[in-house]
Number of protein chains: 2
Amino acid sequence: MPDRKSKTTGTLPSPIPRRRLGVSPCAACDVRDSALCAALSPIERMRFSEGVTILTVPAASPLIDEGEPDLYVFNVVEGCLKVYKLLSDGRRQITGFLFPGDFLGLVNSADYTCSAEAVTETRLCRISRKQFDAFFDTMPSLERRLYTFASERIAEVQEHMLLLGRKTAAERLATFLSILSRRAAEAGRPADVIVLPMSRDDIADYLGLTTETVSRTFSKLRKAKLISIDKDRKIRLLDLEKISEIAAGS
Amino acid sequence: MPDRKSKTTGTLPSPIPRRRLGVSPCAACDVRDSALCAALSPIERMRFSEGVTILTVPAASPLIDEGEPDLYVFNVVEGCLKVYKLLSDGRRQITGFLFPGDFLGLVNSADYTCSAEAVTETRLCRISRKQFDAFFDTMPSLERRLYTFASERIAEVQEHMLLLGRKTAAERLATFLSILSRRAAEAGRPADVIVLPMSRDDIADYLGLTTETVSRTFSKLRKAKLISIDKDRKIRLLDLEKISEIAAGS
DNA sequence: CGGCTACTTGACGACGCTCAAGGCTTGTGG
DNA sequence: CCACAAGCCTTGAGCGTCGTCAAGTAGCCG
């Protein structure tokens with residue numbers, strides 16, 4: 001317990017200074033208009049921000065472990081997280097990757113139902129579950145938005161269940177690339193260039209495959225001239241339409 | 001569209017008479033204390049019930065189709081539904097089975113994101129999405145409970161993603177049996193006897209397997225003396241502990 | 001009784017996994 | 001600046017689990 005705590009919260013550098021200055025950390029937040037907090041009025045956001053701590057988690061560091069008490073919820077401000085479940089023998093299923101604007105804490109139970117770990121260095125804003133829940137009573141718009149997030153999340157995981165249960169390796173990877181392409185476009189970046197922050201291992205555990213199969217399938221897509229693979233895990237989508245078709249099950 | 005409507009709502013027998021009698025259909029509802037409606041006060045329930053229609057869907061009849069406008073939400077009163085997604089070539093993933101007390105409509109988007117079909121003859125209470133949403137504004141407890149349902153649902157599908165992505169056939173089936181056993185116990189029935197309302201095909205599409213594999217795996221569990229298979233899809237769990245162990249990944 | 005559907009079982013094959021080796025990049029220390 | 005180690009990724013060979021195809025059985029209903 002003590003060493004775990006040092007691992008998860010060991011690197012909280014700047015938040016207190018910021019608050020001491022009387023400036024809400026939310027004021028300069030990059031994701032405040034897309035994240036959960038977009039539901040808050042300026043005054044509400046001010047109140048909200050009093051409970052908020054900004055923390056930075058280095059790449060490959062654990063943030064939460066399944067089974068631990070659900071003490072905090074998080075907004076991702078910058079970077080990338082992976083959320084996953086483990087079997088006792090080490091088999092792992094990554095249930096999702098979280099990017100800026102995403103909320104970690106939709107499942108509200110006594111203990112965390114998943115583990116989470118930083119993929120790249122990740123900046124988060126954190127608030128205690130207790131405080132967060134308390135805001136509900138006075139801010140119905142927050143609860144509404146939280147429900148909207150949960151609803152969208154359920155739609156997403158339904159798609160992912162279809163992928164895991166019924167799609168081939170090529171279809172899975174094509175789906176993965178399509179999703180990231182769409183997210184890139186939504187973030188205002190080009191839809192045909194994708195930077196993968198995560199390793200082949202992570203992709204495999206997200207898609208229910210092995211590293212080797214992911215690697216082979218990348219090669220297959222490359223040889224079919226559907227993608228090109230640059231340095232630094234950068235993928236160029238050469239035929240977005242065809243990739244979408246494969247993703248949908250040809 | 002017209003013929004679909006006749007299929008989904010073609011068998012609506014009793015609701016209007018009931019309302020005419022001035023008796024809320026909720027008054028005699030079997031699931032009103034476990035379903036979403038448990039969040040409502042008697043007065044609220046009265047108001048709520050004015051918008052409610054009870055309908056009965058025969059076994060194997062479609063209720064909603066993915067892509068159709070999201071016009072209604074449902075509570076299952078009696079029976080069993082399957083909710084699923086299809087690929088264009090017919091591959092199917094059942095994302096869940098719904099039983100009495102379960103809510104159909106957690107995903108709130110313009111169109112249905114899944115199809116649903118009755119497994120056995122199913123009694124449902126239906127309300128228009130529009131009316132349902134309108135209740136939120138005046139009944140915060142309803143929204144709170146809806147969020148609770150969504151939260152629990154997300155926890156469930158995370159488990160199911162682990163199953164689909166990482167578990168073996170035997171582990172999947174053992175997990176399925178464990179879940180149904182727990183539900184039976186929660187409903188006050190013995191935990192070691194399970195009646196499967198759904199076909200082997202449905203189980204296969206829920207677990208990401210084929211009928212044949214499901215059948216073979218049932219046989220394997222039977223030969224290992226972990227279960228016995230009676231008539232009428234009745235399964236006796238002979239070693240609940242061992243089944244749970246297998247479900248968890250041995 | 002015949003036909004239908006659901007389920008079971010067998011034989012075979014394929015897709016993806018396991019095991020293994022090798023290449024490439026990155027960081028570190030001599 | 002280079003040598004070396006450690007990861008990460010790729011590729012190959014062989015295997016196994018589960019899918020496919022097919023036949024057979026059992027229960028149900030007209």
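Quick caveat: nothing in here was measured; it's all calculated off a predicted structure. Letters go in sequence order (proteins before strands), and every chain restarts at 1.
- Side chain of A:Ser181 to backbone of A:Ala191: a donor-acceptor contact under 3.5 angstrom is found.
- Residues B:Phe176 and B:Met198 approach most closely at CZ-SD, 3.9 Å, considering heavy atoms.
- The cationic group of B:Arg200 lies under 6.0 Å from the six-membered ring centre of B:Phe218 and within 45° of the ring axis, placing it in a cation-pi geometry.
- With a heavy-atom cut-off of 4.0 Å to chain B, the contacted part of DNA chain C has its first and last nucleotide at C:dA6 to C:dA11.
- Across B:Ala204 and B:Thr211, no two heavy atoms sit closer than the pair CB-N, 3.5 Å.
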Report summary line: Readout for nucleotides 6-20 of chain D: B = base within 4.0 Å of protein heavy atom, S = sugar-phosphate only, - = neither; 5' to 3' it is --SSBBBB----SSB
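- A donor-acceptor pair is defined here as one N or O able to donate and one able to accept, closer than 3.5 Å; such a pair exists between the side chain of A:Ser115 and the backbone of A:Glu66.
- Checking side-chain atoms of B:Lys167 against main-chain N and O of B:Gly249 turns up no donor-acceptor pair under 3.5 Å.
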Tabulate atom names and distances for all N/O pairs under 3.5 angstrom spanning the protein and nucleotides 25-30 of chain D.
unit_1 : atom_1 : unit_2   : atom_2 : d
D:dG27 : OP1    : B:Lys231 : NZ     : 2.2

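- Side-chain contact check for A:Ser219 and A:Arg216: no donor-acceptor pair (N or O, by modelled atom type) lies under 3.5 Å.
- A salt bridge links B:Glu156 with B:Arg153: the closest approach of a Lys/Arg side-chain nitrogen to an acidic carboxylate oxygen falls below 4.0 angstrom.
- Of the possible donor and acceptor atoms, none in the side chain of B:Arg189 sits under 3.5 Å from a partner among the backbone N and O of B:Ala184.
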Query raised in the report: Yes or no on side-chain contact (heavy atoms from CB on, under 4.5 Å) for B:Lys234 and B:Val193, after CA distance, side-chain angles and deciding distance?
Result: CA-CA 7 Å; B:Lys234 198 158 87 179; B:Val193 179; 3.8 Å; yes
